[in-house]
A.B. asks: 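Pasting a structure below so you can have a look.
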Amino acid sequence: MLKILIPSMFMLLTTWTSPFKQLWSTILMYSFLVATLSLTWLAMPTDTGWFYINNYMAYDPLSSPLLVLTCWLLPLMIIASQNHLAVEPENRQRTYISLLISLQIFLILAFSATEMIMFYVMFEATLIPTLIIITRWGNQMERLNAGTYFLFYTLAGSLPLLVALLIYHSSMGSLSYLSLTSLPLTCSNLYANKLWWMACLLAFLVKMPLYGVHLWLPKAHVEAPIAGSMVLAAVLLKLGGYGMMRIMIILDPLTKELSYPFIILALWGVIMTGSICLRQTDLKSLIAYSSVSHMGLVAAGILIQTPWGFTGALILMIAHGLTSSALFCLANTNYERTHSRTIILARGLQMVLPLMATWWFLASLANLALPPLPNLMGEIMIITSLFNWSFYTLILTGLGTLITASYSLYMFLLTQRGPIPHHLILLEPSHTREHLLLALHLLPLLLLIAKPELVWGWTA
Amino acid sequence: MCAWRRLHGSVRTLRGSLLRGCLSSTAATRRQPGRCGGLTLCQRLSTGGALRNDFFKDLEDQLAAMRKKAADALPGSSWMPFEINPNLPPETADIVIVGGGVVGWSIAYWLKQKERLPRGMRVLVVERDPSYSRASTVLSVGGIRQQFSLPENIYLSLASADFMRNINEHLSVMNEDPVDLQFNHSGYLFLASEEVAHIMEENYNTQRLAGAKVSLLSPQRVKENFPWINTEGVALASYGLENEGWFDPWSLLNAFRRKAISLGAIQCFGEVTDFKYTTHIRTTADEEQLETRRIKSVKVQMPNSMEYQPVECAIVVNAAGAYSGKLAEMLGIGRGPQDSIYGLPVPVEPRKRYVYVVHCPDGPGLDCPLLIDYSGVYFRREGLGGNYISGISPEEAEEPDTSNLEVDHQFFEDKVWPKLAHRVPAFEKLKVTSAWAGFYDYNTFDQNGIIGIHPLISNMYFATGFSGHGLQHSPAVGRAVAELILDGGFKTLNLKRMSFSRIFAQEPMLEQNIV
């Protein structure tokens, strides 16, 4: 654990002390090294349980996939940002990289926290670098609005969480994950306990996001630069899911009844946001709404509280992280060439960039949960566990799958197939860097087909 | 909530005014003696001051100020702590159309019309001249005809005429007045001499084949239909029976503009002074190095100000009319060495043409087409009061100076009047009431429009060089450019021959006209 955390912290030092000519290559190699080392987290002996490093940090089969995803994403973010940051002055480039690295550090600490308050502090801490990245390096004027929405939605959701955690701590004495299993708060049906239940979950539902509180996500994703979009889609949303999974343990008896409206809201959100995707004119906005759609399924899977639900949610989180990040990278390759995110102005690209069309194809297929990719695995497990809970959810989830398939195909066909407008005939050819970026996104996804046990969570 | 506040406010003012009217003059009124400018209905004549009245009025004003401040602070108001020039274009746009004439706005309208979802694209139209005082569109004679020799031109005019006949189906905006182009369907009458009569016959066949309703008239028929014409020297005449005539260009421009803005296009008054572009060096099939450029952003300078805004864009449409060549020069086209590919400029430059308004009470009257004589002189009726507008294209060697729009009245005396009076004897007695000059976006290569993308600038579309036919072709050209951008190719009219390739291959596509 420390062999990854300490190098990440020292990467900050490297950012500021490297000679400028070698900055990007150094940081890239360094972060690849850290990412490779982080793969050791996946090697767990089959007796599941916590792997302790010290009193404060630990990992277990739930958090290790997310930790590996976080560490894997940093080199990918560096590769993706290289082009658009090349025009910036030196110190600003170093600052940007430092923000990405600090985000990684906070995320590692968040996922490996053993105590809920530590998790909470790191959860909040990740907001700051993300906010700076969105509002400073975003491309449009609307980024200020996006940053405000992002910050205040998350803060408004997480302040009740702080209060709830403190209440729990003051009454139970400890918020350590180990002891959480044996300390459910109370079984009484007081109204205050229901509010406490809500307070515990609200922050994570906003972060996931749940359908009713999802407005910050399209804005933040669209206005953020590519690295911001990648980290938001791939990891920060999963913080919400991870937090929900951890805190479910103490919410036990109340969740049986209280989760009902949220499951329904999540499933309704899958359909609604999927339908919105079919009417989007902005490519990044389409991918952002598809993120909301997938995370709605994850939220429903977690709230169901069955082993299959949790497993499905975790697999879908990992798979969606890689897929969504890949789609954002593809949208960015379009944006860097045409300087516009409008879909109808970037059509028929298969003729001009055929190899990129391969990546578009794979990413779109992953998005629509094609077997045998892990996306399908996750979705099927969640849908099955929901069906087990109630037959009628099948209507919603089935319709949701159908709409997901239609908007993913719509996105692929609209951008790649069709007549190519004259102004796109002389587009810049794809760079090796872009191919590398997408290969590194999709290769893990394809490898996970072979050994999904790595990301199954506790139900090994 | 707002209505309540307004009502409340109005009740207060009513009460205040009642008080003011009933009670004596206040110190406030005396303090501002000139406010009502002398005797008014509620002139205060007494001199006592009531403190009570003062208090209410001040309170009222203060409360109004507080309400206004509160309304500004709440979200939804447009108050900003620092003033932003409202004319400033957005920082990013998908398509920037340089040139707000009728061609530019037609393209904007059709782009917005064809986008499948509302607000799908951001279209920005940049126009340099807020008053349109020097724009070619509004200074045009406003005629439309199908009597061309190139099928492309005939199709463009036919499609545009069809558009303009049904203009309210296309360009009407809800709750606004319908569009009235004042389209006079009086037709064009071309008069050919013996030498050029065969060209006129060939053109007639082309036109009929393309679907234009044109008829050939012998000199006797011409004299029967239009007895005021002197048919001496006329061997053949060609008269447009349908879809020909003239209309008001300003109405068309405003109709396009109003509809495009209602569909979401953005207008900006400013001048494009610079482009930021990226350069790519590619190897052609003949192993040569070709340098292509791709525009990244357009620098728009605000009028009469140092302020400018770089607009990041995906596509630029050059509809700058007479100044299209100069705009392309900002990208280096035309500024390279003479025989290199960048040395070939966009062959569009301004050419000044004069239009003279004459009054002749004994003139042709109401049944008067737009007559074009083989000597080059033309005239048409203007209004119903015996006014006519007339002009002639000057010789190549005598092209007037294009640095201003001053009219040369001697030109009328020397060049226009003799030919006019020869053709229409009634015009021997006329009086020139006014005149103006306008610029043609003259295509020096072959005097026909250029529609399409430039081979060297990857994302700049051109719709320019119409050499006097831009106005009459504008609806169809707008649709063609919109199809190029959004559909990848021409869909309704095949205008491939009007692309840049003819200029690079040095194969002019000339009109075989009798003038």
Side-chain angles (χ1 to χ4, degrees), chain A residues 83-84 86-87 138-145 148-149 152 222-223 275-286 331 334-352 407 410 413-431, chain B residues 75 84 88 90-96 111 114-123 276-280 282 290-298 309 311-317 451-462 481-491 496 499-500:
Chain A
N83 193 16
H84 76 90
V87 296
N139 278 315
Q140 271 80 35
M141 272 268 282
E142 289 82 6
R143 68 184 188 271
L144 302 171
N145 203 11
T148 312
Y149 264 71
F152 284 103
V222 167
E223 302 304 331
S275 314
I276 294 177
C277 280
L278 286 169
R279 272 189 66 84
Q280 283 300 315
T281 54
D282 180 338
L283 190 55
K284 271 181 103 167
S285 193
L286 201 156
N334 261 7
Y335 178 74
E336 283 182 359
R337 285 169 174 75
T338 56
H339 288 282
S340 160
R341 295 194 305 254
T342 315
I343 305 183
I344 46 180
L345 289 182
R347 307 173 56 184
L349 290 172
Q350 187 168 9
M351 280 289 115
V352 185
Y407 70 69
Y410 168 71
L413 292 175
L414 205 54
T415 51
Q416 303 305 116
R417 300 279 161 86
I420 180 159
H422 291 210
H423 59 272
L424 293 179
I425 294 179
L426 287 180
L427 272 190
E428 224 178 284
S430 309
H431 300 268
Chain B
I84 293 185
L88 216 57
E91 283 181 7
T92 57
D94 290 312
I95 303 182
V96 174
L111 281 170
K114 283 172 77 69
E115 64 176 10
R116 269 171 288 119
L117 295 169
R119 288 181 312 279
M121 280 189 308
R122 197 180 275 182
V123 176
K276 270 211 172 55
Y277 51 87
T278 54
T279 316
H280 306 284
R282 297 159 202 277
L290 184 65
E291 185 190 306
T292 58
R293 301 198 170 150
R294 189 172 196 91
I295 299 174
K296 272 197 320 187
S297 77
V298 180
Q309 170 77 287
V311 180
E312 193 187 356
C313 58
I315 296 173
V316 174
V317 178
I451 300 177
I453 205 167
H454 196 277
L456 297 173
I457 312 291
S458 314
N459 55 352
M460 180 178 247
Y461 286 87
F462 281 77
V481 174
E483 285 169 1
L484 265 190
I485 295 179
L486 293 178
D487 296 332
F490 294 111
K491 284 260 145 49
K496 274 218 266 277
S499 69
F500 256 105

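Protein chains get the first letters and strands the later ones, always in sequence-line order, with residue 1 at the start of each.
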A.B. asks: Can you tell me how far apart CD1 (Ile295(B)) and NE2 (His339(A)) are? Round to the nearest 0.5 Å.
C.D. replies: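 It is 11.0 Å, given to the nearest 0.5 Å.
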
A.B. asks: Using a 4.5 Å cut-off on heavy atoms from C-beta on, say whether the side chain of Leu345(A) contacts that of Met121(B).
C.D. replies: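 Yes - at least one pair of side-chain heavy atoms lies under 4.5 Å apart.
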
A.B. asks: A quick test of your reading: do over 12 heavy atoms of other residues, nucleotides or ligands sit less than 6.0 Å from CZ of Arg282(B)?
C.D. replies: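 Counting neighbours around CZ of Arg282(B), more than 12 heavy atoms of other residues, nucleotides or ligands fall under 6.0 Å, so yes.
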
A.B. asks: So which heavy atom on Thr342(A) is nearest to which on Gly120(B), and how close?
C.D. replies: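 Heavy atoms of Thr342(A) and Gly120(B) come nearest at CG2-O, 2.9 Å.
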
A.B. asks: In Å, rounded to the nearest 0.5 Å, how long is the span from OG of Ser458(B) to NE2 of His422(A)?
C.D. replies: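 Nearest 0.5 Å value for the OG-NE2 distance: 13.0 Å.
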
A.B. asks: Could you check if a side-chain atom of Ile485(B) sits within less than 4.5 angstrom of a side-chain atom of Pro421(A), using non-hydrogen atoms only?
C.D. replies: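 Sidechains of Pro421(A) and Ile485(B): no contact.
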
A.B. asks: With a 4.5 angstrom heavy-atom cut-off, which part of Glu336(A) approaches chain B: side chain, backbone, both or neither?
C.D. replies: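 For Glu336(A), neither part sits under 4.5 Å from chain B.
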
A.B. asks: So which of Arg294(B), Glu115(B), Glu91(B) has the largest heavy-atom pair count under 4.5 angstrom toward chain A?
C.D. replies: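 Counting heavy-atom pairs under 4.5 Å, the top option is Arg294(B).
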
A.B. asks: Under 4.5 Å from any heavy atom of chain A, what part of Ile315(B) do you find: side chain, backbone, both or neither?
C.D. replies: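 Ile315(B) touches chain A through side-chain heavy atoms alone.
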
A.B. asks: Check whether Arg347(A) gets within reach of chain B through its side chain, its backbone, both or neither, counting any heavy atom under 4.5 Å.
C.D. replies: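 Only the side chain of Arg347(A) comes within 4.5 Å of chain B.
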
A.B. asks: Could you tell me how the ring of His423(A) sits relative to the ring of Tyr461(B): parallel (under 30°), tilted (30 to 60°) or perpendicular (over 60°)?
C.D. replies: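 Perpendicular, since the angle between the ring planes exceeds 60°.
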
A.B. asks: Shorter than 4.5 Å, heavy atoms on both sides: which option in Asn459(B), Thr292(B), Leu484(B) has the most such pairs with chain A?
C.D. replies: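 The residue among Asn459(B), Thr292(B), Leu484(B) with the greatest pair count is Leu484(B).
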
A.B. asks: Which pair of heavy atoms, one from Leu426(A) and one from Pro455(B), lies closest together, and at what distance?
C.D. replies: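 Looking at all heavy atoms of both residues, the closest pair is CD1-O, 3.9 Å.
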
A.B. asks: Contact part of Ile453(B) toward chain A, heavy-atom cut-off under 4.5 Å: side chain, backbone, both or neither?
C.D. replies: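 It is the side chain, since no backbone atom gets that close.
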
A.B. asks: Please classify the contact of Ile425(A) with chain B as side chain, backbone, both or neither, using a heavy-atom distance under 4.5 Å.
C.D. replies: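 It is neither, since no heavy atom gets under 4.5 Å.
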
A.B. asks: Between chain B and each of Leu427(A), Ile420(A), Asn139(A), count heavy-atom pairs under 4.5 Å; write down the option with the most.
C.D. replies: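 Of Leu427(A), Ile420(A), Asn139(A), Leu427(A) has the most heavy-atom pairs under 4.5 Å with chain B.
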
A.B. asks: So which of Glu483(B), Glu312(B), His454(B) has the largest heavy-atom pair count under 4.5 angstrom toward chain A?
C.D. replies: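 Top option by heavy-atom pairs under 4.5 Å: Glu312(B).
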
